[in-house]
Structures are given as structure tokens and as C-alpha cells.
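Here the structure is laid out as C-alpha cells; the discussion comes afterwards.
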Number of protein chains: 2
Amino acid sequence: MRVPVLEAAAAVRANGGRMTVQRRLILETLNELGGHPTAEEIYRTVRQHDPTLNPSTVYRTLTWLETAGLVSHCHLDAGPDGEHSERYDPVTPVEHHHFVCTGCGIVIEFEAPELAPIKAAFAAEHGARVERAALTLYGVCSACGTPSEMLCLEAD
Amino acid sequence: MRVPVLEAAAAVRANGGRMTVQRRLILETLNELGGHPTAEEIYRTVRQHDPTLNPSTVYRTLTWLETAGLVSHCHLDAGPDGEHSERYDPVTPVEHHHFVCTGCGIVIEFEAPELAPIKAAFAAEHGARVERAALTLYGVCSACGTPSEMLCLEAD
DNA sequence: CCTATTATTGCAAATCAATTGCAGTAAGTT
DNA sequence: AACTTACTGCAATTGATTTGCAATAATAGG
Ligand SMILES: [Mn+2]
Ligand SMILES: [Mn+2]
Ligand SMILES: [Zn+2]
Ligand SMILES: [Zn+2]
């Protein structure tokens, strides 16, 4: 369970918001899905539990959760055709980053404390304040890279 | 001049492509603009030189230049409202990265050779091949961070 | 230089994700 | 239980990008 529903309720309440059945359902779906789902994937899953829930509610809720600091989003060139997509992601206590396999689209998370000096160096050199870093590595995962049986290329 | 038009012509020719007046114009516009323009900004500029040139030609040409390895694109949460936008960027001999000011939206490029060990560490740990890294730093640039005269907040 | 081939263009229609206005519904308050 | 108003569903809308197709023009060959 990665998005604490109880904390979310508190955060919602704190801003004069309301914890509705739809919001709870979307939070639970985020936990259920785990990975880095798109808004549309979240909608498809949520809809199985409540077919009346509307896509716009999903978008509105995700935006809300983001401003409340409970989820974040990132742009990944993932998906079957490596095309761009917005993914939603529960916020973690420490900043994390992503590896995307250009073969199968799998997303692997990792931490990179070594990024700190890079941020600091840029800040020092440009007199800027660096608040956040988004690092995405693109490459081929071990499964796709191992040509055993040519797993990746079993197309036609 | 950052996109070598002559090389582009060669690259185009090499794939059975044709160097049209439209493509040349778009290449020159990329050089003229310099920064990290969106497809729409490119279109607006190009249109000043040739009002008949169509947006779809801009999109098709940019896609083509990208597969030819002459330009790349990146997703930045830049713009006045910090909203997501696709930016086009001439490819540089060495990989470069971006800082985005959340105040004014300025994009500053920088190189980060210190990223190499991070890539290597991930590759070693996961048995993956890492081909490319996209790092984006978000923060406040020196101009926006200096509260002299409250330059940033001179709104209403 | 002229002609044939076909990649590329302009145009309009189609997609697609995401947003918005509004009236009805329901969460939280008293 | 009644009240206030945040939130939802819905349908229409937006805005960026894509696509089908007939016309155009870049290149190759003669
Ligand atoms: Mn993640
Ligand atoms: Mn750049
Ligand atoms: Zn893979
Ligand atoms: Zn700034």
C-alpha cells in the first residue's frame, strides 16, 4: 500500500476538501496497480469497481492528489511504441528515478544520491536554487537484452 | 548554426528522401530560434517566411529529423504555467541536460559527465544496457531567486 | 533540357488526451 | 434532520498531433 488512504483523507480535509467514495476508490486503485499507470489505465481499473465513475473525475482527482503532494507524475517515452505518456506515481519519502526499457517498456525505479553533487554544482555555477531532479535512463532490460530464444523478436 | 543543413541534406538523401524548400526552411528556423522551441513555436516562425507552409509539414519534418538523428525532443514542465510541453532540440555531439526555472520557464543546458557512474551502476546491478540518460533539474534561476524589486511577483 | 517516378506537401477531417460549464448529488457541519 | 457547498457525471470543448488523399515538385534517367 503505497498511497496512505488515511493520510490522504487528512490532507484532503486540511484543505477544506471531502473524502468521497470516488476519491477513496481512485486511491485504492493507485495502490492496487502499483506500477506507473497512465490516467487512462487508472480509469479502466476504477471502472471495474464502479462503472459510473467518470474519466473527468479521475483527472480531477489525480490533479488534486498531486497538489496535495501525495502523487506525482512523470513523462516517460514508454509504452509499446516508445511513445510519450504521462504516468502517475505515488510520492516516496526519498526522491527516486526511472529506467525505461525501450524493448518491453518496463519501468524500474532506483535511487540516485550521487545526483546531489550534480545539483549542487549546477546551483553553485548558475546561482540557481535546484529543488528537484528528474532522471530517466533509457536502454534495454536484462530480459530483452538476453537473446535466448530471441524472446523480444518473436513478432510475426 | 546548430543543425548543419548540408549534413541534413546528406542524411535525407541517404534514406531516399528529398531536400525540399520546406525542410530547408524548417532547419534554418531551428537554427534561428536556437532555444528549445515547441513545434508550434517553430510553425509560427516558419510561417513568417512562408505563410503557406502547413503545420502538418512541421510535425512530419520534425519527426523525420528525429529519426535521422539530427534533432531530439524532450518533455519539459516549462512554459508560463509550468505545464508540460514537447520541446525540440538539435542533437549535440555530447549528451546534454536541462535546468528549468519554475519561475520564468527559462531552460539552461549543461553537461553532466558525472552521470556516467550512475548509468554504469544501474547497468551492473540490473544486467541492463543503458543507452541514454535524460536529466532535468527544476528550481529557481538566479534572476527569479533574487528578490531585488520583487521582479518575479510584479503580477497585478 | 525534358520526362517519368514517387516522395512530399497542403488541406480538411479525424484522433486523442485532457479540460470545462453546469445542474444535480452528497460529504461534512450544525 | 436540515444546510452549505465541494464534488460528480455528463456532454460539449479544447488543443495538439495525426492521417487520407489528390495535387505538387524533387530527383533520376534519357
Ligand atoms: Mn516511480
Ligand atoms: Mn537542450
Ligand atoms: Zn525489456
Ligand atoms: Zn527564472
Side-chain angles (χ1 to χ4, degrees), chain A residues 5-6 8-27 29 37-44 46-47 49-68 71 73-88, chain B residues 5-6 8-27 29 37-44 46-47 49-68 71 73-88:
Chain A
V5 178
L6 299 175
V12 167
R13 209 74 56 75
N15 291 49
R18 297 174 183 179
M19 177 53 63
T20 65
V21 293
Q22 292 88 344
R23 286 182 177 176
R24 198 173 348 257
L25 188 51
I26 291 169
L27 282 167
T29 301
T38 63
E40 199 260 337
E41 286 167 348
I42 295 165
Y43 170 62
R44 279 210 310 272
V46 150
R47 146 183 282 215
H49 298 280
D50 178 358
T52 72
L53 201 152
N54 196 274
S56 54
T57 300
V58 173
Y59 285 108
R60 284 190 279 229
T61 299
L62 288 171
T63 302
W64 204 96
L65 289 171
E66 195 158 9
T67 61
V71 307
H73 77 269
C74 54
H75 326 285
L76 300 180
D77 287 329
D81 318 309
E83 88 277 353
H84 166 74
S85 57
E86 300 276 342
R87 310 308 195 85
Y88 287 86
Chain B
V5 178
L6 299 175
V12 167
R13 208 76 56 77
N15 291 49
R18 296 173 183 178
M19 177 51 65
T20 65
V21 294
Q22 291 89 344
R23 286 183 177 175
R24 200 173 347 257
L25 188 52
I26 290 169
L27 281 166
T29 300
T38 63
E40 200 260 337
E41 286 167 349
I42 295 166
Y43 170 62
R44 279 209 311 271
V46 150
R47 147 183 281 216
H49 297 282
D50 178 358
T52 72
L53 201 153
N54 196 274
S56 53
T57 300
V58 173
Y59 284 108
R60 284 189 280 229
T61 299
L62 288 171
T63 302
W64 204 97
L65 288 171
E66 193 157 11
T67 62
V71 308
H73 77 268
C74 53
H75 325 285
L76 300 180
D77 287 329
D81 319 309
E83 87 277 353
H84 167 71
S85 57
E86 301 276 344
R87 309 308 194 84
Y88 287 86

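So that the names make sense, note that chain A is the first sequence line, chain B the second, and so on, each numbered from 1.
- Annotation: side chain of B:V21 is not in contact with side chain of B:L53 (no heavy-atom distance under 4.5 Å).
- When each of A:V21 and A:R60 is assigned the nucleotide of DNA chain C with its nearest heavy atom, A:R60 is the one assigned upstream, toward the 5' end.
- Atom-to-atom, CG of A:L76 to P of C:dA17 comes out at 17 Å; the value is rounded to the nearest Å.
- Going from atom CG of B:L53 over to atom P of C:dT8 covers 14 Å, rounded to whole Å.
- Separation of atoms OG1 (B:T57) and OH (B:Y43) is listed at 9.5 Å; rounding is to 0.5 Å.
- Residue B:Q22 places at least one side-chain N or O under 4.0 Å from the OP1 or OP2 atom of C:dG10.
- At whole-Å resolution of the value, CH2 in A:W64 and P in C:dT20 are 18 Å apart.
- The side chain of A:E86 sits closest to C:dA18 out of D:dT27, C:dA18, C:dG10.
- Under 4.0 angstrom from either OP1 or OP2 of C:dT9 there lies at least one side-chain N or O belonging to B:T20.
- Side chain of A:R23 to backbone of A:R18: a donor-acceptor contact under 3.5 angstrom is found.
- Proximity of B:Y59 to the phosphate of D:dT17: a side-chain N or O atom is located under 4.0 Å from OP1 or OP2.
- Residue A:S56 places none of its side-chain N or O atoms closer than 4.0 Å to OP1 or OP2 of D:dG9.
- Residues A:A39 and A:Y59 approach most closely at CB-CE2, 3.5 Å, considering heavy atoms.
- Between the NE2 atom of A:H84 and the P atom of C:dA18 there is a distance of 8 Å, given to the nearest Å.
- Distances shown here put a side-chain N or O of B:R23 below 4.0 Å from the OP1 or OP2 atom of C:dT8.
- Using a 4.0 Å cut-off, no side-chain N or O of B:R18 falls inside it from OP1 or OP2 of D:dA25.
- Among the nucleotides D:dT8, C:dA27, D:dT17, the one closest to the side chain of B:A39 is D:dT17.
- Heavy-atom distances to DNA chain D give each of B:R24 and B:E40 a nearest nucleotide, and the one nearer the 5′ end belongs to B:E40.
- Distance CD (B:E83) to P (C:dA18): 14 Å, rounded to an integer number of Å.
- Along DNA chain C, the nucleotide nearest B:N54 and the nucleotide nearest B:G16 are compared for position; the residue whose nucleotide lies closer to the 5' end is B:G16.
- One atom, OH of B:Y43, and another, P of D:dG15, lie 16 Å apart when rounded to the nearest Å.
- In this pair, A:H73 and A:Y88 present their aromatic rings tilted. The plane angle is within the 30 to 60° band.
- In this structure, CG of B:L62 is placed 14 Å from C1' of D:dT18, rounded to the nearest angstrom.
- Whole-Å rounding puts the A:E41 CD to C:dA17 P distance at 11 Å.
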